[in-house]
Peer 1: 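Have a look at the structure that comes next, please.
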Protein chains: 2
Amino acid sequence: MKKAKRERLEACGWKVGTVAEFLNLTPEESALIEIKMALSRRLRERREKRMTQAQLAEKIQSSQSRVAKAETGHSSVSLELLVRAMLATGASPKEIGQAIAGNQK
Amino acid sequence: MKKAKRERLEACGWKVGTVAEFLNLTPEESALIEIKMALSRRLRERREKRMTQAQLAEKIQSSQSRVAKAETGHSSVSLELLVRAMLATGASPKEIGQAIAGNQK
DNA sequence: CAAGTATATGTCAGATATGACATGCGAACA
DNA sequence: TGTTCGCATGTCATATCTGACATATACTTG
């Protein structure tokens with residue numbers, strides 16, 4: 001958030017912080033969630049170029065609804081399913097690693 | 001496997017191949033297993049430098065036996081637990097990404 | 001030798017993630 | 001307008017993963 005915006009909000013009495021702070025997440029918990037969200041986004045990008053959710057679901061022997069949840073970052077979706085889906089789009093371990101690494105950190 | 005060794009074994013009547021071939025794993029299944037094994041190895045390396053299994057277990061609110069299984073690549077351990085453990089050793093998403101990427105692929 | 005420490009392995013009840021299915025919504029188009 | 005297509009969301013029985021615990025092995029140290 002820009003400093004100016006933060007100051008404007010704080011002047012109005014708002015507490016300003018990250019979602020992680022609001023939810024009292026530890027850095028490790030935040031990092032895990034960011035990893036999953038990064039994979040969700042990349043999965044959608046890759047999948048959209050190649051096939052429908054139903055087609056991807058068939059490849060990983062899952063269902064369209066589960067792929068939709070994977071792409072929307074639903075909490076019921078495991079890291080494992082995200083990675084299996086990425087692999088099924090043709091992603092290499094290297095590409096998956098890059099998605100997880102994100103913009104360093 | 002070296003070509004010479006393969007030929008020696010085949011001369012004796014052995015069928016020679018990778019574990020993946022033996023188990024009829026698809027490339028995607030193999031890749032997922034390799035990712036997990038790479039994380040197991042890295043986890044052990046990092047953890048040994050810093051703490052005991054019991055100490056790591058406490059950090060991730062798990063148990064020593066589960067950490068042991070994570071490090072030995074037991075099939076009952078999820079990708080998620082492996083990543084949580086890596087984070088608890090202080091690994092960054094970048095380091096985790098590198099572990100997963102392995103030697104390209 | 002016994003006692004302590006670190007790790008490995010098996011079991012199990014309970015928690016969580018799963019695929020399947022139903023259904024909702026919007027866009028394209030006939 | 002109705003129909004089809006792609007995606008989102010909710011529910012549910014079941015499969016998988018979980019932490020906890022008991023116990024084993026292997027070292028080290030007194």
Side-chain angles (χ1 to χ4, degrees), chain A residues 23-26 28-91 96 99-100, chain B residues 23 25-26 28-91 96 100:
Chain A
L23 294 175
N24 293 316
L25 299 181
T26 65
E28 289 78 25
E29 289 167 336
S30 301
L32 181 58
I33 290 175
E34 279 178 25
I35 285 172
K36 288 175 125 187
M37 288 183 35
L39 284 171
S40 284
R41 283 191 294 271
R42 290 283 205 118
L43 173 61
R44 164 151 285 164
E45 286 169 19
R46 292 185 57 88
R47 196 268 313 162
E48 279 182 338
K49 287 181 193 162
R50 295 156 229 258
M51 60 193 114
T52 66
Q53 291 182 342
Q55 287 168 334
L56 175 58
E58 201 184 357
K59 275 180 185 271
I60 58 176
Q61 303 184 108
S62 182
S63 58
Q64 177 268 324
S65 65
R66 207 118 265 281
V67 173
K69 281 163 187 154
E71 291 185 358
T72 53
H74 195 283
S75 68
S76 80
V77 174
S78 69
L79 244 190
E80 185 130 350
L81 188 64
L82 285 166
V83 169
R84 281 204 290 130
M86 282 289 282
L87 290 169
T89 66
I96 294 171
I100 288 175
Chain B
L23 294 174
L25 299 180
T26 64
E28 289 79 24
E29 288 167 337
S30 302
L32 181 56
I33 290 175
E34 279 178 24
I35 285 172
K36 288 175 125 186
M37 289 182 35
L39 284 172
S40 284
R41 282 191 296 271
R42 290 283 206 119
L43 173 60
R44 164 152 285 163
E45 285 169 19
R46 292 186 57 88
R47 195 269 311 161
E48 280 182 338
K49 286 181 194 163
R50 292 154 230 258
M51 60 193 112
T52 67
Q53 291 182 343
Q55 288 168 334
L56 176 57
E58 201 183 358
K59 274 180 186 271
I60 57 176
Q61 302 184 108
S62 182
S63 58
Q64 177 268 326
S65 64
R66 205 118 267 283
V67 173
K69 281 163 189 156
E71 290 185 358
T72 53
H74 195 283
S75 69
S76 80
V77 174
S78 69
L79 243 190
E80 186 130 350
L81 187 63
L82 285 167
V83 169
R84 280 205 290 128
M86 282 289 282
L87 291 169
T89 66
I96 294 171
I100 288 175

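Just so it is clear: chains get the letters A, B, ... in the order the sequence lines come, proteins before strands, and each one is counted from 1. All figures in this text were calculated on a predicted structure; none of them were measured in a lab.
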Peer 1: In whole angstrom, give the distance that lies between atom CZ of B:Arg84 and atom P of C:dT16.
Peer 2: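 The distance from CZ of B:Arg84 to P of C:dT16 comes to 11 Å, rounded to the nearest Å.
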Peer 1: Please tell me which of the listed nucleotides, C:dT7, D:dA8, D:dG10, lies nearest to the side chain of A:Lys69?
Peer 2: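 Ranking C:dT7, D:dA8, D:dG10 by closest atom to the A:Lys69 side chain puts D:dG10 first.
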Peer 1: Measure the distance from CD on B:Gln61 to P on C:dT16 and round it to the nearest whole Å.
Peer 2: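 In whole Å, C:dT16 P and B:Gln61 CD are 12 Å from each other.
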Peer 1: What are the two closest heavy atoms between A:Ala85 and A:Leu56, and how far apart are they?
Peer 2: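 A:Ala85 and A:Leu56 have their closest heavy atoms at O-CD1, 3.9 Å.
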Peer 1: If I compare all heavy atoms of B:Ser63 with all of B:Ala57, which pair ends up nearest, and what's the gap?
Peer 2: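 Residues B:Ser63 and B:Ala57, closest heavy atoms: C-CB, 3.3 Å.
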Peer 1: Where the side chain of B:Gln64 is defined as all heavy atoms beyond and including C-beta, which of D:dG19, C:dA8, C:dG19 is the nearest nucleotide?
Peer 2: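 The nucleotide sitting nearest to the side chain is C:dA8.
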Peer 1: Looking at every non-hydrogen atom in both residues, tell me the closest pair between A:Leu32 and B:Glu80 and how far apart they are.
Peer 2: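 Scanning both residues, the minimum pair turns out to be CD2-OE2, 3.8 Å.
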Peer 1: In whole Å, what is the span from the CD atom of A:Glu58 to the P atom of D:dC7?
Peer 2: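 The distance from CD of A:Glu58 to P of D:dC7 comes to 15 Å, rounded to the nearest Å.
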Peer 1: Within the pair A:Ser62 and C:dG19, is there a side-chain N or O less than 4.0 Å away from OP1 or OP2?
Peer 2: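 So the side-chain polar atoms of A:Ser62 do come within 4.0 Å of the phosphate oxygens OP1 or OP2 of C:dG19, strictly under.
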Peer 1: Does this structure show an ion pair linking B:Arg84 with A:Glu28, if we count only N-O contacts that are shorter than 4.0 Å?
Peer 2: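 Looking at A:Glu28 together with B:Arg84, the answer is no, because their closest N to O distance does not fall below 4.0 Å.
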Peer 1: CD of B:Gln55 versus C1' of C:dA6: gap in Å, rounded?
Peer 2: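 In whole Å, C:dA6 C1' and B:Gln55 CD are 11 Å from each other.
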Peer 1: Could you state the atom-to-atom distance from CG of A:Leu56 to P of D:dA8 in whole Å?
Peer 2: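 Atom-to-atom, A:Leu56 to D:dA8, this comes out as 12 Å.
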Peer 1: Using a 4.0 Å heavy-atom cut-off, does A:Val67 contact any base of the nucleic acid, only the sugar-phosphate backbone, or nothing at all?
Peer 2: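 Nothing: the residue A:Val67, judged by heavy atoms under 4.0 Å, touches no strand.
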Peer 1: Between C:dA20, D:dT9, C:dT18, which nucleotide has the shortest distance from any of its atoms to the side chain of A:Ser63?
Peer 2: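 Taking heavy atoms from C-beta onward, the closest nucleotide is C:dA20.
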Peer 1: Taking CD from B:Glu80 and C1' from D:dG19, how many angstroms apart are they, rounded to a whole number?
Peer 2: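 Spelled out: CD on B:Glu80 to C1' on D:dG19 is 15 Å.
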Peer 1: Are the side chain of A:Thr89 and the backbone N or O of A:Arg46 linked by a donor-acceptor pair below 3.5 Å?
Peer 2: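 No: the side chain of A:Thr89 does not pair with the backbone of A:Arg46.
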Peer 1: For A:His74 and D:dA8, what is the distance between atoms NE2 and C1' respectively, to the nearest whole Å?
Peer 2: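 My rounded result for the distance is 10 Å.
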Peer 1: Starting the side chain at C-beta, find the nucleotide from D:dA8, C:dG10, C:dA17 nearest to A:Arg66.
Peer 2: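 Of D:dA8, C:dG10, C:dA17, C:dA17 is nearest to the side chain of A:Arg66.
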Peer 1: Side chain of A:Ser65: nearest nucleotide among C:dT11, C:dA6, D:dG10?
Peer 2: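 My answer, after comparing the listed nucleotides, is D:dG10.
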Peer 1: Quick one: B:Arg44 CZ to C:dA8 C1', roughly how many Å, whole number?
Peer 2: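 Distance, rounded to whole Å: 9 Å.
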Peer 1: Name the closest nucleotide to the A:Gln53 side chain, picking from C:dA6, C:dA8, D:dC7.
Peer 2: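 It is D:dC7.
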